[in-house]
Asker: 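Mind looking over this structure? Questions follow.
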Amino acid sequence: MPHAQVVTRFAPSPTGELHLGNARTALFSWLLARHSRGRFVLRIEDTDAERSRPQFAEQLYQDLRWLALDWDAGPDRDPDGVHYLQSARGEIYRHYFEELRVAGKAYPCFCSALELTLARKAQLAAGRPPRYAGTCRALTPTEIERRQAAGSRPTLRFRVPEGQTVEFVDLVHGEHRYVTDDIGDFIIRRADGSPAFFFSNAVDDAEMGITHVLRGEDHLTITPRQLLLLDALAMPRPTYAHVALLTGVDGAPLSKRHGAASVRELRERGYLPLAVANHLFRLGHSSTETGVLTLAALAKAFDVKHLGRAPARFEISQLDAWQRQVAHHLSPEAAEQWLVGALPPGLSDEDRHRFIDAIRLNIVLPAEAAAWARALYGEPPPLNDEMLAVVHAAGRGFFAAAAGSVVQHGAELRPMIDAIRTATGAKGAALWKPLRLALTGRADGPELAPLLNVIPRASIEERLRRFAG
RNA sequence: GCUCCCUUCGUCUAGAGGCCUAGGACAUAGCCCUCUCAAGGCUGUAACACGGGUUCGAAUCCCGUAGGGAGCGCCA
């Protein structure tokens, strides 16, 4: 008998931007599916009408496509006629609500949100776990009817069985056992009729044939609830792998205040998707593979067994290391596409190529290319006192000779060096440093020869002559 | 408060009782190359949270302590 196909999913809610932590979960799920030649499903959990926005879903698609994580089924492609937007799956949920209600495994609860909040506070204050007290657990049919007739809109609560244990094996954390007495009856349908997360999330995983659920560790302790629900409905349990959370440099869970925490932000700053994928691949996941790997190679190397249990820290400097490698191996065409937005308008094709060739190995992000463009194409760059000291020490004859060489031989480095040597006898750092400073305003940077092909001829002369007179 | 999870170099991690005087990658330092920087090559610095136990032997097993995190929502 052939092995059942692996089916994984990414199930974000469209209530904000795709976060790096979620992006990593999506990547891992995608890698697992591709590693096993299985299916990857995208499901949008938009049951919270208040906070869900279609534009967030659109941006989610965009971010995933940018990362090159393609899905075999999702809201925009439903090969089986299945709805992958939870807001379109009401019929399915109604069916299972009814099944639970008829079986007595769920019951209507008329407690108001206010009452519940108060009860929770009181329990917490008394040093007890904030669990549902079971107020509506044993309402008689007559009572239920009476309240409904009075216009009360009940929620539906799942009746958690007493005195049982729930066991499951997590692919990352191993065996787990929880006692049901620690779990209060929880809401599976809101008063407005919409399904609550515990319910729709678990039911959909089962309905969609998801075999492996990779999700954040924050879901670990709610897993028993979902298992209870699936068991009550006699639905299949997926295998869970709870991935440790991503934190910022301060060790706190990654959030907006850490900066560059969203995929959009990284994209806009010019990070390359392959660099992001390679870095994410190594956060909380180990591999013997080193160096930049293609997505296909990442999929091949991915192994759930190599997911770590401890939270991982997101450090931008580590991302930068991957970015540097990926960026430096870009083809000339890809490099141009990467940097085009950072270049000044109106450059000829030839100028653009020369510029990119000259600086690309010296930069990590497009913003640095923009800085180089300003330095090379703009006004002669100002020098600070330290730089001026070096330039003045070289002497006026130094720059007169250099400028003269430009007039005679054009923007060629060799003759310029020879002319300076002949005129001043300068060599080594005393030769190169003043020249570089005068021409670029910086002490570091690419080879001078290619830079001379980038800076406009008249500007070269101007940059040199200002120290010759 | 209760339940659960986590803790190895700066960072990501390898490590499932002897192979560990703890390995790798990135970062970092030095050297080589070199007009600078980058790239490349070589070399180095650097970690088992703490305390008890079990054992001939513990990073690895057990107990506790400390620190961090999650959950207990008509949010997902």
Side-chain angles (χ1 to χ4, degrees), chain A residues 11-16 22 45-48 50-52 86 109 111-113 116-117 120 123-132 153-157 170 172-173 176-179 182-184 186-198 200-201 215-225 242 244-245 247 249 251-253 279 281-291 306 308-322 324-325 328 359-364 413 417 427-437 440 442-449:
Chain A
S13 62
T15 54
N22 283 337
E45 308 216 327
D46 58 346
T47 59
D48 183 351
E50 293 273 304
R51 299 196 303 144
S52 295
Q86 286 192 323
C109 170
C111 299
S112 73
L116 293 170
T117 309
R120 227 179 346 261
Q123 286 169 321
L124 242 17
R128 291 189 298 126
R131 270 202 285 279
Y132 180 62
R153 306 260 293 154
T155 61
L156 192 63
R157 259 182 212 277
D170 182 272
V172 175
H173 293 279
H176 276 263
R177 178 195 303 258
Y178 293 84
V179 305
D182 285 339
I183 305 170
F186 53 91
I187 289 172
I188 56 177
R189 188 185 65 202
R190 305 188 186 103
D192 66 2
S194 66
F197 167 76
F198 288 145
S200 52
N201 179 265
R215 47 161 39 164
E217 201 184 283
D218 46 338
H219 292 92
L220 185 60
T221 52
I222 63 151
T223 304
R225 285 157 229 268
H242 287 94
L245 264 22
T247 75
V249 284
H279 184 228
F281 174 77
R282 272 114 178 154
L283 275 181
H285 179 262
S286 63
S287 171
T288 52
E289 301 282 345
T290 60
H306 291 151
R309 284 177 292 277
R313 230 167 256 242
F314 173 75
E315 288 219 353
I316 199 87
S317 63
Q318 298 292 311
L319 207 211
D320 286 343
W322 292 105
R324 178 177 296 116
Q325 288 193 59
H328 289 182
I359 58 111
R360 56 172 297 198
L361 260 23
N362 282 73
I363 64 165
V364 172
L413 184 65
I417 295 299
K427 58 178 184 179
L431 169 64
W432 297 98
K433 217 169 166 187
L435 191 56
R436 171 175 295 280
L437 289 173
T440 70
R442 290 176 60 160
D444 64 332
E447 297 281 331
L448 277 182

Asker: Decide side chain to side chain donor-acceptor pair (under 3.5 Å) for Ser194(A) and Arg190(A); before the verdict, give the C-alpha distance in whole Å, the side-chain angles of both, and the deciding distance to 0.1 Å.
Answerer: CA-CA 5 Å; Ser194(A) 66; Arg190(A) 305 188 186 103; 2.8 Å; yes
Asker: Write down the distance separating the P atoms in G23(B) and A46(B), rounded off to the nearest Å.
Answerer: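 Per the computed distance, 11 Å lies between those P atoms.
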Asker: Using atom C1' in both nucleotides, what's the gap between G17(B) and C61(B) to the nearest angstrom?
Answerer: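 It comes out at 8 Å once rounded to the nearest Å.
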Asker: Could you state the NE2-C1' distance from His242(A) to C4(B), rounded to the nearest angstrom?
Answerer: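 So the NE2-C1' distance, His242(A) to C4(B), works out to 11 Å.
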Asker: Please list, chain by chain and in numerical order, all residues satisfying salt bridge (Lys or Arg N to Asp or Glu O under 4.0 Å) with Glu315(A), sequence neighbours excluded.
Answerer: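 Applying salt bridge (Lys or Arg N to Asp or Glu O under 4.0 Å) to Glu315(A) gives none.
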Asker: What are the two closest non-hydrogen atoms of Leu220(A) and Tyr178(A), and how far apart are they?
Answerer: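 The pair with the smallest heavy-atom distance is O-OH, 4.0 Å.
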Asker: CD1 of Ile188(A) versus P of A76(B): gap in Å, rounded?
Answerer: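 Rounded to whole Å, this separation is 14 Å.
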Asker: Would you measure the distance from the P atom in A49(B) across to the matching atom in G44(B) and give it in whole Å?
Answerer: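 To the nearest whole Å, 26 Å.
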Asker: What are the two closest non-hydrogen atoms of Glu45(A) and Ser52(A), and how far apart are they?
Answerer: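 In this case the closest contact between Glu45(A) and Ser52(A) is O-OG, 4.5 Å.
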Asker: In whole angstrom, what separates Leu116(A)'s CG from C75(B)'s P?
Answerer: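 The answer, rounded to whole Å, is 11 Å.
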Asker: Without decimals, in angstroms, what is the distance between His173(A) NE2 and C6(B) C1'?
Answerer: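 One finds 8 Å between C1' of C6(B) and NE2 of His173(A), rounded.
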Asker: Roughly, in whole Å, what's the span from CD in Gln325(A) to P in C26(B)?
Answerer: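 Nearest whole value for this atom pair: 7 Å.
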Asker: Sort out the partner of A25(B) for me: Watson-Crick or G-U wobble, both distances under 3.5 Å, none otherwise.
Answerer: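 Partner of A25(B): U11(B).
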Asker: Answer yes or no: are there more than 12 heavy-atom neighbours, outside Arg309(A) itself, under 6.0 Å from its atom CZ?
Answerer: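 Not buried by this count: 12 neighbours or fewer within 6.0 Å.
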Asker: Taking for each residue the nucleotide of RNA chain B with the nearest heavy atom, is it Lys433(A) or Tyr178(A) whose nucleotide lies nearer the 5' end?
Answerer: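 Its nearest nucleotide lies further toward 5', so the answer is Tyr178(A).
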Asker: Can you label the angle between the His176(A) ring and the His173(A) ring as parallel, tilted or perpendicular, going by 30° and 60°?
Answerer: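 Rings of His176(A) and His173(A): perpendicular, as their planes differ by over 60°.
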Asker: Over all strands shown, is Pro446(A) touching base, sugar-phosphate only, or nothing at heavy-atom distances under 4.0 angstrom?
Answerer: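 If one applies the 4.0 Å heavy-atom cut-off, Pro446(A) turns out to touch a base.
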Asker: Taking only N and O in the side chain of Thr47(A), is any of them less than 4.0 Å away from OP1 or OP2 of A76(B)?
Answerer: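 True: Thr47(A) side-chain N/O within range (under 4.0 Å) of A76(B) OP1/OP2.
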Asker: For Pro130(A), what residues pass the side-chain contact (heavy atoms from CB on, under 4.5 Å) criterion, not counting sequence neighbours?
Answerer: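 By the side-chain contact (heavy atoms from CB on, under 4.5 Å) rule, Pro130(A) matches Arg120(A), Gln123(A), Leu124(A).
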Asker: What is the distance, rounded to the nearest whole Å, between atom CZ of Phe197(A) and atom C1' of A76(B)?
Answerer: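 After rounding, the gap between these two atoms is 5 Å.
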Asker: Please report the shortest heavy-atom distance between Tyr132(A) and Cys109(A), naming the atom on each side.
Answerer: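 It is OH-SG, 3.2 Å.
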Asker: Hey, what are the protein-to-nucleotides 8-14 of chain B N/O distances that come in under 3.5 Å?
Answerer:
unit_1	atom_1	unit_2	atom_2	d
G10(B)	N2	Gln318(A)	NE2	3.1
C12(B)	OP1	Arg313(A)	N	2.9
C12(B)	O3'	Gly284(A)	N	3.2
C12(B)	O2'	Arg282(A)	O	2.0
U13(B)	OP1	Gly284(A)	N	2.5
A14(B)	OP1	Ser286(A)	OG	3.2

Asker: Pick base, sugar-phosphate or nothing for Glu50(A), based on heavy-atom distances below 4.0 Å to the nucleic acid.
Answerer: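 The answer is nothing, as Glu50(A) stays clear of every strand by at least 4.0 Å.
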Asker: Please determine, for C20(B), whether a Watson-Crick or G-U wobble partner exists with both distances under 3.5 Å, and give it or none.
Answerer: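 Checking every strand shown, C20(B) finds no partner, since no pair has both distances under 3.5 Å.
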Asker: Could you please name the partner base of C72(B), counting Watson-Crick and G-U wobble pairs only when both distances are under 3.5 Å?
Answerer: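 Result: G1(B).
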Asker: Does U54(B) pair with anything, Watson-Crick or G-U wobble, both distances under 3.5 Å, and if so, with which nucleotide?
Answerer: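 In the structure as shown, U54(B) has no Watson-Crick or wobble partner.
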Asker: Please tell me which of the listed nucleotides, A38(B), C35(B), C74(B), lies nearest to the side chain of Arg436(A)?
Answerer: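 That would be C35(B).
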Asker: Under 3.5 Å, which N/O atoms of the protein pair with N/O atoms of nucleotides 48-50 of chain B?
Answerer:
none

Asker: At under 4.0 Å between heavy atoms, what does Leu361(A) touch on the DNA or RNA strands: base, sugar-phosphate, or nothing?
Answerer: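 Counting heavy atoms under 4.0 Å across all strands, the contact made by Leu361(A) is with sugar-phosphate only.
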Asker: Roughly how far apart, to the nearest Å, are U13(B) and C33(B) at atom C1'?
Answerer: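 Roughly 32 Å separates the two C1' atoms.
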Asker: Return the set of residues passing salt bridge (Lys or Arg N to Asp or Glu O under 4.0 Å) with Asp444(A) (not counting sequence neighbours), or none when no residue passes.
Answerer: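 Residues passing salt bridge (Lys or Arg N to Asp or Glu O under 4.0 Å) with Asp444(A): Arg442(A).
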Asker: For nucleotides 69-72 of chain B, tabulate all protein N/O to nucleotide N/O atom pairs closer than 3.5 Å, reporting atom names and distance.
Answerer:
unit_1	atom_1	unit_2	atom_2	d
A70(B)	O2'	Asp218(A)	O	3.2
G71(B)	O4'	Thr221(A)	OG1	3.2
G71(B)	O2'	Thr221(A)	OG1	3.3
C72(B)	O2'	Pro130(A)	O	3.2

Asker: Quick one: pull up OG in Ser13(A) and CD in Gln86(A) and give me the separation to the nearest 0.5 Å.
Answerer: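 The distance works out to 9.5 Å.
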Asker: Using a heavy-atom cut-off of 4.0 Å across all strands, would you classify Ala191(A) as base, sugar-phosphate, or nothing?
Answerer: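 Base contact.
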Asker: Which whole number of Å gives the distance between the P atom of U11(B) and that of C48(B)?
Answerer: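 The same atom, P, in both gives a distance of 12 Å.
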Asker: Give me the distance, rounded to whole Å, that separates U55(B) from C62(B) when you measure between the C1' atoms they each carry.
Answerer: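 Per the computed distance, 12 Å lies between those C1' atoms.
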Asker: Could you state the atom-to-atom distance from CG of Asp444(A) to P of A39(B) in whole Å?
Answerer: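 Taking atom P of A39(B) as the reference, CG of Asp444(A) is at 12 Å.
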Asker: Just call it for Arg442(A): base, sugar-phosphate, or nothing, with non-hydrogen atoms closer than 4.0 Å on any strand.
Answerer: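 Nothing, no nucleic acid heavy atom in range.
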Asker: Could you work out the separation of A27(B) and U7(B) based on their P atoms and round it to a whole Å?
Answerer: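 Going atom to atom, P in each nucleotide, I get 26 Å.
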Asker: Mind checking the P distance from U3(B) to A16(B)? Whole angstroms is fine.
Answerer: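 Taking atom P in both U3(B) and A16(B), they lie 32 Å apart.
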Asker: Ala191(A) and Thr155(A): which non-hydrogen atoms are nearest, and at how many Å?
Answerer: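 Here Ala191(A) and Thr155(A) meet closest at N-CG2, 3.6 Å.
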Asker: Heavy atoms only: give me the nearest Thr47(A)-Ser200(A) pair and the separation to one decimal.
Answerer: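 Closest heavy-atom pair between Thr47(A) and Ser200(A): CG2-OG, 4.1 Å.
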Asker: In whole angstrom, what separates Asp192(A)'s CG from C74(B)'s P?
Answerer: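 For the pair Asp192(A) CG and C74(B) P, the rounded distance is 13 Å.
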Asker: Are Asn201(A) and Arg215(A) close enough, and set up right, to give a side chain to side chain donor-acceptor pair (under 3.5 Å), and what steps lead you there?
Answerer: CA-CA 12 Å; Asn201(A) 179 265; Arg215(A) 47 161 39 164; 3.3 Å; yes
Asker: Would you say that Ile183(A) contacts Arg225(A) through its side chain, given a criterion of any heavy-atom pair below 4.5 Å between the two side chains?
Answerer: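 Yes. Closest side-chain heavy atoms under 4.5 Å.
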Asker: As a test of reading the structure: which of A76(B), A25(B), A38(B) is closest to the side chain of His328(A), going by heavy atoms?
Answerer: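 Out of A76(B), A25(B), A38(B), the nucleotide with an atom closest to His328(A)'s side chain is A38(B).
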Asker: For G40(B), which nucleotide is its Watson-Crick or G-U wobble mate, given both distances must be under 3.5 Å?
Answerer: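 Across any shown strand, G40(B) pairs with C32(B).
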Asker: Heavy atoms under 4.0 Å, any strand shown: does Asn362(A) hit a base, just sugar-phosphate, or nothing?
Answerer: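 The residue Asn362(A) makes base contact.
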Asker: Across all strands shown, which nucleotide pairs with U65(B) by Watson-Crick or G-U wobble geometry, both distances under 3.5 Å?
Answerer: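 Across any shown strand, U65(B) pairs with A49(B).
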Asker: Shortest non-hydrogen contact from Ala310(A) to Ala244(A)?
Answerer: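 What the structure gives for the nearest pair is O-CB, 3.3 Å.
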